[in-house]
Each structure stands twice: as structure tokens, then as C-alpha cells.
**Student:** 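This is the structure I have questions about; it appears just below.
Residues take their numbers from the sequence shown, with the count starting at 1. Start at 1 and go down the list; that is how both ligands and their atoms are numbered. Hydrogens, waters and symmetry mates are skipped; everything else that's a heavy atom, side chains included, is used.
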Amino acid sequence: MGEQKIMETTEAQIAVHWQEEGYFNPSSKFIGQANLTDPEIFERFSLDNFPDCFTEYAEMLTWYKYWDEVLDTSDAPCWKWFKGGEINASYNCIDRHLKENKNKTAIHFVPELEEERIEHITYQELYVRVNEFAALLRDFAGLKRGDRVTIHMPMSTELPITMLACARLGVIHSVVFGGFSASACADRIVDSNSRVLITMDAYYRSGKLLNHKINADEAVAIAAKAGQVVDKVLVWQRYPGKYSSETPMVDGRDCFVNDVVKNYYGTRIEPEKMLSEEPLFLMYTSGTTGKPKGAQHSTGGYLSYVTAMSKYIQDIHPTDVYWCMADIGWITGHSFIVYGPLALCASTVIYEGVPTYPDAGRSWRIAQELDVNIFHTAPTAIRALRKIGPDEPAKYKYHFKHMTTVGEPIEPEVWKWYQSEVGKGEAVIVDTWWQTETGGFLCSTVPAINPMKPGSAGPGVPGIHPIILDDNGDEITQPGIAGNICIRNPWPGIMQTVWGDRQRFVDTYYARYCKNPESKDWRDWPYVAGDAATRSGDGYYRILGRIDDVINVSGHRLGTKEIESAALMVKEVAEAAVVPVAHEIKGKEPDLYIALKPGVEPTDEIAKKISDAVCDQIGKIAKPRKVWLVPDMPKTRSGKIMRRVLGAISNKGDVGNVMTLANPEVVETIKKMVDR
Ligand code: WTA
């Protein structure tokens, strides 16, 4: 059995079970302009036409050399898509648009401070800046095809410039979410063997200019202790030409990009002709064990898939202004702020700060100012905007044709507010279910073809064939019965492997239901997503949440094991257990139960120390709702911590029969503590 065994308390178990809702239909105006209106798409992408159907996606891109084989399964389940093809992602996102669209805006950068001007970067300017920075990476930093580089940057124009410069050279980028701590950044530097770190001095968050450069110094120091030397730290400046951090620059190691890049003004770099299956980037994500794993994404397959999803599901046309509120440091930002929209020559919006800063109308002012017509965000942001400004959208004159929700299940009530207030009853909505590992969407409605149903993600998108399996591997066909959602077939956006750990890749995503590990037939390798789901009679899937040790906090994916190991680094701590608890805005929050070592008095100081340790090791996003210092953990007779019981207590649910525990009396004590 694979890594993905079922834990005693999972998100799926505390999922809210909503009623089946009625359908909403797209307007004829939307359908009239949509990229994909032909219902035969589902026939074209049926399993009978697999894998050749996916050439339709690859042909949206410009290739140097056409592929020899659509899908090579000889190293199953590490799939090779469009094998033998040659392509460059930077070329496809920039150069190929220049002939007709060089003066069109590629990126609108919106600073958090409203008194600062919005920047509009044309495709031509993006081309110039990417080339010059690529020259710096090659000639100053000594990076070449196949090297890895870690990027720890906030939302800024310079972040996609950095990514696209790497892609131009065939350097594999590993972007770390800007809100992650230095220690989390260091782990990723070490795992990917990066000798160059790219950062920015500072950025705005909730009106404060945060010192970000300090994280680079700490990350480099921690990585060095683990044996990975970083010899260059490239520092972008929030205000070009001015240093906005108090942290000193280290001689010989650190340099300001804005100074060094002057030596490369006017330089042009020929894009590397990458093999389709060469990696484009790594994106680390949380899983069952403490160590985050690097999801390795390919160049040709990934780019084909995100381009097609952007065109067909996001309905992006080159004339659209598209705003995805995610952070580029997560997969959503990679696929649906940077690579997909730019490959389609759209204008993509990058917003530096918090959607509710300085007030609940900010997001709608941005939409109005830039004439945004496609909007993409997560339920957690929708809940927050609804809570603090339910009537704000109506005050602004923007019109969305299309909206996305992604990252967690959305409550039908919240969906309906999104539809009627944010979308003004005009916009279609797609609820897109997918993962870091999958590159692009798995389930969603095709907006001009399938009606919407609040609370349901929808059917598999064209070419994705989901199936719900029970613990024995049998298909669950009855509507409404929960099981493990899997995908029967590979698709071009699927990750290639876990960076440096093929076995972990196989164990985590495929071992559970694969009956023949030697098989080279894709039919033997259902992809295990790690979520529980139900299917209703119409073939729409409802995602219930994670079945493994992952908690989805405000759409951010956190490993319970990572939080527990951070807590265990505090010397007074004997045992730690994290359970998900439902939260009105964030969806879920981690609740942290701690048993202290014998003789240690439980105090508020210790609780704070533990909470701080979690923030230091991972980042503030992982801060526990509460640190409960309990006299003992509820345990089975064999000594296993019963997270199910703790989860029930945290969520005010039924703890069930606890009489078989080794220490049933402690359950009442903990319950009193939490209920107080
Ligand atoms: C959850 C984010 C319900 C799910 C793109 C998945 C969702 C995890 C949805 C992946 C959705 C994502 N409805 N749940 N529309 N989208 N999820 O890797 O549990 O950060 O496994 O990728 O988020 O999170 P990740």
C-alpha cells in the first residue's frame, strides 16, 4: 500500500455535506463569444481517442520540432508527453506574440499602495527585460540548461520575468511562496541543490513594507549547515535603484539585479530548444511525511495543458484582461497567472497585496480601473470579501464575463453570493478542482457547454476520466457515496516525478491501486489524488477534502506532519498531534495538541513558544488556531495517538466510543479544556 493511507482525522471526514443544488446556465452572450462551444469535444477526448486527442492541445503552441510520439509509457508511471518534440516556454509566452502584439500589455502590475501608479508592461518590454535578465543569469551567475535555481519573491513584475528568463535558458526554476519562512526556503534550496537564490528586498503587505531580504540571509545560512552552498544571491529592488531593506548586503555573494543588469542592456538570448520532456520547474508541496516534495513539471506537456485549459476552461482570448488573485508562488499562479495567459497573449494582472487592503472595495476598484473581464480566486477570499463588504461589488462599474473558484470546496451560499454580487448575475463560474501535481484542471464545467451547479466542481474536463474507488479498489458507482477520487488516464499536465525520488512518486500517487508494478500499460496506473469525493447522477463530482495528512488552510496546502515536526523541535514537547478544524473564512485551520515532557509545567509562554516555532519553521500561514497543552494524548492500547478523537473534540463532533482506549478518562479532560 502506498503513502496515502487513510488517517483517523481527515478533512474529508469533517466535510460539510451540502444538498444537491439546481443548475445555473451560461448566458447566450457568453456562449456567443466562447472559445469552446462544440459538445463533441468530449467525444474527441474519449478514452478511445487517447492519447492522440491531446495533440489538439500541443498544437496551440509553437514547436521547433514536432514530436515523434504523443505518449511514451516505457517508464510508467513517469509519462513522457510529445516525446522528441522541441520547444521553449519563454518563446511561446513572449517572442511568438511580438510580430502582431508587441505593443499590447502583457502584465498589469498593481502595487498594494493605492497612491502608487499601476505599471503596464508590454510584450515588447517583457521581451527586453527577460532577455537582459537571462543574459545576467547565464553570464554573471553562471547558470545553464538543467541547473536549478530557487526563487523566493513576492508578487511583482520581476517574478514572472525571472521565471521566463530561467525558462529561456532551460534553467529549472523552483519558486518558493514569498510568505514561507527562511527555513522552508532553505529546505527547498537544499533539496533542489540550488547555488543561486533570487529574492527581492521588500514588499507591501497590509500597508506595511516588509523586510524580505533578511529571509535570504537566514535561508542561505540554514542551507549551508545542511551542506548546500549558495554562492550568489540576486536581489531585485521593490523600488529600482533604492534599497528598501535594513539587512546588509554580503560582499561577494549578494548583488542588486538593477545594477548588474545594466551590463546586459541590449543583449538578446536565443531561447534553448528544450526537449518536450525536459523539466520546466519544480513546485514543492506538502504530503504525508514531514519533507515537502518537489513536483517536477515538464516543458512541452505542461505548457500544452495549461494553454489549453486557459483557452477552453478559462475562456481567455487575446483581448481579455485576466486577473487571477492567487500568488505566483503556488501552482495556480504558475499555471494561471504566468504560463497559460501569457501563452495565449492575454493581459494578466499581478496584484502585490491583500484583496481587502485598505478596504473591502479594493478588489473591485482594481477590476474597474483595468477593465478586468475574467476573475479568478479562492473560496477563502470570496468568504472574506463577502463578510466584510457584501454590498461593495455593486458600487463599481466592472463587468466580468467569467469567474473561477479554486483550491477548496465552496459552500453553495458563498457560490451564490459570488454569482449574484461579484458576477452581477452576468458571469459564468467554473469551480476548478486540481492540484500542484496535476499542472492544470481535472474537474470543472466547460463554461459554454455544461451548466453550473453550486458546490460541485463538475465532470472531468475533456480528456480527464475520473473514477471513484473504495478502499479495496472497486469502483463506487452509486451516486452520493464517498470514496477516493482517481484519474484513470495520464494527461500532459501531470507531474513527471518527485524531484530526485522516483520511488516516492510511485508510492504516493500510484502504488495504492496499481495491480502490476511492472506494467507499461497506462490502464494499470490510476492516479490517486488524495481527495475524497462523491459523484452525482449527472456525472458531476463534489470534492469533500483530503484523505491524507494534508490540511487546506485558506487554500494553502499544509502537511500536518510538517507542523508536528516543527512543534517537536521545542525541547519541552513530548508529543504533538495536528487536526483540521472547520473555520468560517479559512475553510480549515490546524489545531495543535501537545503533551509536554514529564515535569514541565504547562504555561502560556510554552504554548507561545510552540506556536512561534511553527511559524519559524514553515511560515505564518501555518500558525495553529490554538496550542492545547494536554495532560496526555488519547491513545490506543498499542500507543497510537487517536487523532480522530482530537478531531471530533476540535470540531465539536461526536467522539464516539472511547472505552477501548488506553486512557479514556483523558478524553473528558481535553473536551472540557476545548469546550470552555
Ligand atoms: C483542494 C491547488 C475542492 C483539494 C490548485 C486538492 C479543491 C488540493 C479544489 C490541492 C476545488 C483544489 N474544490 N477542493 N475546486 N481545488 N482543492 O496542490 O483537496 O495547492 O487535493 O493545488 O486542494 O491543493 P494544491
**Student:** Looking at atom 5 (C) of ligand 1, what's its closest protein heavy atom, distance included?
**Tutor:** Trp434 CE2, 3.5 Å

**Student:** Between Thr432 and ligand 1, is there a nitrogen or oxygen pair with a distance under 3.5 Å?
**Tutor:** yes

**Student:** Is a donor from one side chain sitting under 3.5 angstrom from an acceptor on the other, for Thr150 and Ser194?
**Tutor:** yes

**Student:** Between Arg488 and Tyr527, is NZ or CZ placed under 6.0 angstrom from the six-membered ring centre and within 45° of the ring axis?
**Tutor:** no

**Student:** Checking contacts here: is it the side chain or the backbone of Arg557 that comes within 4.0 Å of ligand 1, counting heavy atoms only? Could be both or neither.
**Tutor:** side chain

**Student:** Heavy atom under 4.0 Å from ligand 1: found in Thr436's side chain, backbone, both, or neither?
**Tutor:** both

**Student:** Is the closest heavy-atom distance from Gly407 to ligand 1 below 4.0 Å?
**Tutor:** yes

**Student:** Should the proximity of Asn552 to ligand 1, defined as any heavy atom under 4.0 Å, be assigned to the side chain, the backbone, both, or neither?
**Tutor:** side chain

**Student:** By ring-ring contact (aromatic ring centres under 6.0 Å, His included), which residues pair with Tyr322, not counting sequence neighbours?
**Tutor:** none

**Student:** Going by atom types only, do Arg188 and Tyr284 share a side-chain donor-acceptor pair under 3.5 Å?
**Tutor:** no

**Student:** Just which atoms of ligand 1 are under 4.0 Å from any heavy atom in Ile543?
**Tutor:** 3 (C), 14 (N)

**Student:** Could you tell me whether Ile410 approaches ligand 1 through its side chain, its backbone, both or neither, with non-hydrogen atoms closer than 4.0 Å?
**Tutor:** neither

**Student:** Are a donor atom and an acceptor atom from the side chains of Thr497 and Gln296 found within less than 3.5 Å of each other?
**Tutor:** no

**Student:** Check each atom of ligand 1 against the heavy atoms of Thr332 and keep those under 4.0 Å away; list them by number with element.
**Tutor:** 5 (C)

**Student:** Can you confirm if the aromatic rings of Phe45 and Tyr57 lie within a centre distance of less than 6.0 Å?
**Tutor:** yes

**Student:** Contact between ligand 1 and Pro409 is defined here as a heavy atom of the residue under 4.0 Å from a ligand atom; is it met?
**Tutor:** yes

**Student:** Just to confirm my output: which protein heavy-atom neighbour is closest to atom 19 (O) of ligand 1, and how far is it?
**Tutor:** Asp531 OD1, 2.6 Å

**Student:** Glu21 and salt bridge (charged side-chain N to carboxylate O under 4.0 Å, His left out): which partner among Lys416, Lys453, Arg542?
**Tutor:** Lys416

**Student:** Could you check if a side-chain atom of Val446 sits within less than 4.5 angstrom of a side-chain atom of Ile313, using non-hydrogen atoms only?
**Tutor:** yes

**Student:** Using a plain distance cutoff, I'd like to know if Glu437 has any nitrogen or oxygen under 3.5 Å from a nitrogen or oxygen of ligand 1.
**Tutor:** no

